[in-house]
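Right, one structure below, let's go through it.
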Amino acid sequence: MAFMEYKQRTVTCGQLRGSDEGKQVVLNGWVHRNRNHGGIHFINVRDRYGITQVVVGEQVAESVRSIAEALRIEFCIAVEGTVRRRPESMVNPDMETGEIEVDASSLHILSRCEPLPFMIDEETDAKEDLRLRYRYLDLRSGGMQKRIRLRHEFVRAIREHLSAKGFYEIETPTLIKSTPEGARDFLVPSRLYPGKFYALPQSPQLLKQILMVGGFDKYFQIARCYRDEDARGDRQLEFTQLDLEMSFVSREDVLLTMEDLFNDVFASVMNYKLPAHFKRLSWIDAMNTYGVDKPDLRYDLPLVDVGDIAKKTQFGAFQSVLASGGSVKAIKAPATEALSYSRKYIGELEEAAKVYGATGLAFVKVGKDNILETGIAKFLVGHEAELISVTEAHEGDMLLFVAASWKKCCNSLGAVRAKLARDLNLIPKGTFEFCWIIDFPLFEFNEDAGHWEAAHHMFSMPQSQYIDTLESDPGSVKGDLYDLVLNGYEVASGSIRIHDVELQKRIFRICNFDDEEAEQRFGFLLNAFRYGPPPHGGIAPGIDRMVMIMSEQTSIKEVIAFPKNTAAISPMDDSPSFVDDKQLDELHLIIKQPEKNS
RNA sequence: GAGGGCGUAGCGAAGCUGGUUAUCGCGACGGCCUGUCACGCCGUAGAUCGCGGGUUCGAGUCCCGUCGCUCUCGCCA
């Protein structure tokens, strides 16, 4: 057979059923397994749609049997044959096509496959580095096929829903002006203008705001975003957002639009019923109660502020923290069969707390009749009943304490909360708990830089009651900001935007951009705002992160076809790589290699 | 920039307080097998134990350094 001529499939490997008995078919696919029983071969042929068993019996021509002998795993083949209903006792209920098999009349090898670096199965056990190097093989696995399909279905459902709601999908450039705030930019040197650079967008933020000025009052885009920062399990330097913006809306409109979207999408893609409306928590409540601004509400385990009680004790570690304006918080670790709170285990919890800056994790055990035992019990004498009351503790529970600055205290105990939930098996599988975090502070003081900066970005609207005190008390200003949280991950972030030139300039000034620099950096936005900008706001859910959670993965790499590793390298194509001097010359670039530290 | 974990055959792992020829499963290769579906059975090959140095009569094992991967903190509006 010539290279370009082969028997093209008439059916896929996932579609044949008992009712197809007797049909002449052609399958194209990969050899998933080849079981040779001497006189008879069973070849599992796999494609994207499923696996079909092909039988090469002894009545078949010798030439066909010898091809069956030669087949190896992952050979790409074409099979011609007749669909045959399997004898009753041979039906495989675990296979979708298990009622039938294809009795082969001819076999063709379309391409051969070398011995594999790892086995292709539902989920491979090969290390991630190797999976990325041979990503084309890894992608053949059942798990990757399912996740990439889920991702497609998710994005398709989003497009359908938003289109039906009157949104336009509009593309924005990926070569844009570098703007100074936020993450580090990826830069693209200009050939035509020596020394000038484009930046890859960290998000289409300013462009979508300008689309609003342009009159496209409902916009969305499945947008690739680039941030040159270190990767994490849930973070890649290149990722995809559903970028969305609307004109003439309030915060409420944006939240309802998202709730409507995800209700629809989860129902159609996951067959999962979400509540019509998601819980809402203020940022301060989320921090105080769960120790993070992205709480996992699939379980409870609240943090309790015990500063008032701690103040009355003689415990020096508590007193000194309180005296310097810090916080003392406690969490109740419930008595359970599943876990004994040994010193060793409490040590593990303490390690989790220390990651976020706690200096230690104090503990007491709740005994009979409101008695506290071990740990710091002796410092709490006289305050047992009050402590047990506020923490709602019972006999056998452990109380765990962190004393630190408010933020470290929250984050540290939040980490303890998360570890406890995992170890106590409190996290239900297959549930999706969305919640909104609202009322974020607009500004954060940057100690290193010595000035205020935007907690999210500089284009978010301050809540109206703070407009008069922006400059005098930036720290207390709350913004019209909102995050969407799912199962403990931040999956979207948005705000109502500023659409007033003067207000926008005031924000720039507070963030240490004088009018001249603001003009130079953001002049195009300020110019646009001189021409009748509509009030507007939006949000940007992270596609990769959401699909990761929906497919119950803990790494974003599991839902990206070609991800980078933690060192920002793609092991498959070995990027980034050096380029020719000629290319550098054209771009007017000279490479300065960093000096190696001795 | 910092910390934790890992690195033993193509892949995944075992190898305890240092002791002869480094073990197991999958895969590869050869053989047998007519109803399997993670087929089974027999056999063969395949490892400078990440790399470099040190301690020791002797190092996969202990020490120092280094490289790679991975998770996390910082960073990520």
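Convention: sequence-line order gives letters A, B, ...; per-chain numbering from 1.
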Suppose you measure atom P in B:U55 against the same atom in B:U17; what distance do you get, rounded to whole Å?
23 Å

In whole Å, measure the gap between the P atoms of B:C33 and B:A14 for me.
39 Å

Decide yes or no, distance alone: a donor-acceptor N/O pair under 3.5 angstrom between the base of B:G74 and the side-chain of A:D230.
yes

Any donor-acceptor pair under 3.5 Å joining the side chain of A:R235 to the base of B:C76?
yes

What does [X] touch in the nucleic acid at a heavy-atom separation under 4.0 angstrom: a base, only the sugar-phosphate, or nothing?
X: A:R184; result: nothing
X: A:K354; result: nothing
X: A:E101; result: base
X: A:E128; result: sugar-phosphate
X: A:A231; result: nothing
X: A:M458; result: nothing
X: A:R84; result: base

So, do A:H499 and A:F529 have ring centers that fall under 6.0 Å from each other?
no

For A:I43, run the side chain to side chain contact (heavy atoms under 4.5 Å, CB included) check against A:V55, A:L107, A:V79 and tell me which one passes.
A:L107

With a 3.5 Å cut-off and no angle check, do the side chains of A:T179 and A:R521 form a donor-acceptor pair?
no

Is there a side-chain polar atom (N or O) of A:R35 under 4.0 Å from OP1 or OP2 of B:C39?
yes

At a cut-off of 3.5 Å, list every protein nitrogen or oxygen paired with a nitrogen or oxygen from nucleotides 9-12 of chain B, distance to 0.1 Å.
residue	atom	partner	partner atom	Å
B:G10	O2'	A:P117	O	3.3
B:C11	O4'	A:P117	O	2.9
B:G12	OP1	A:K127	N	3.1

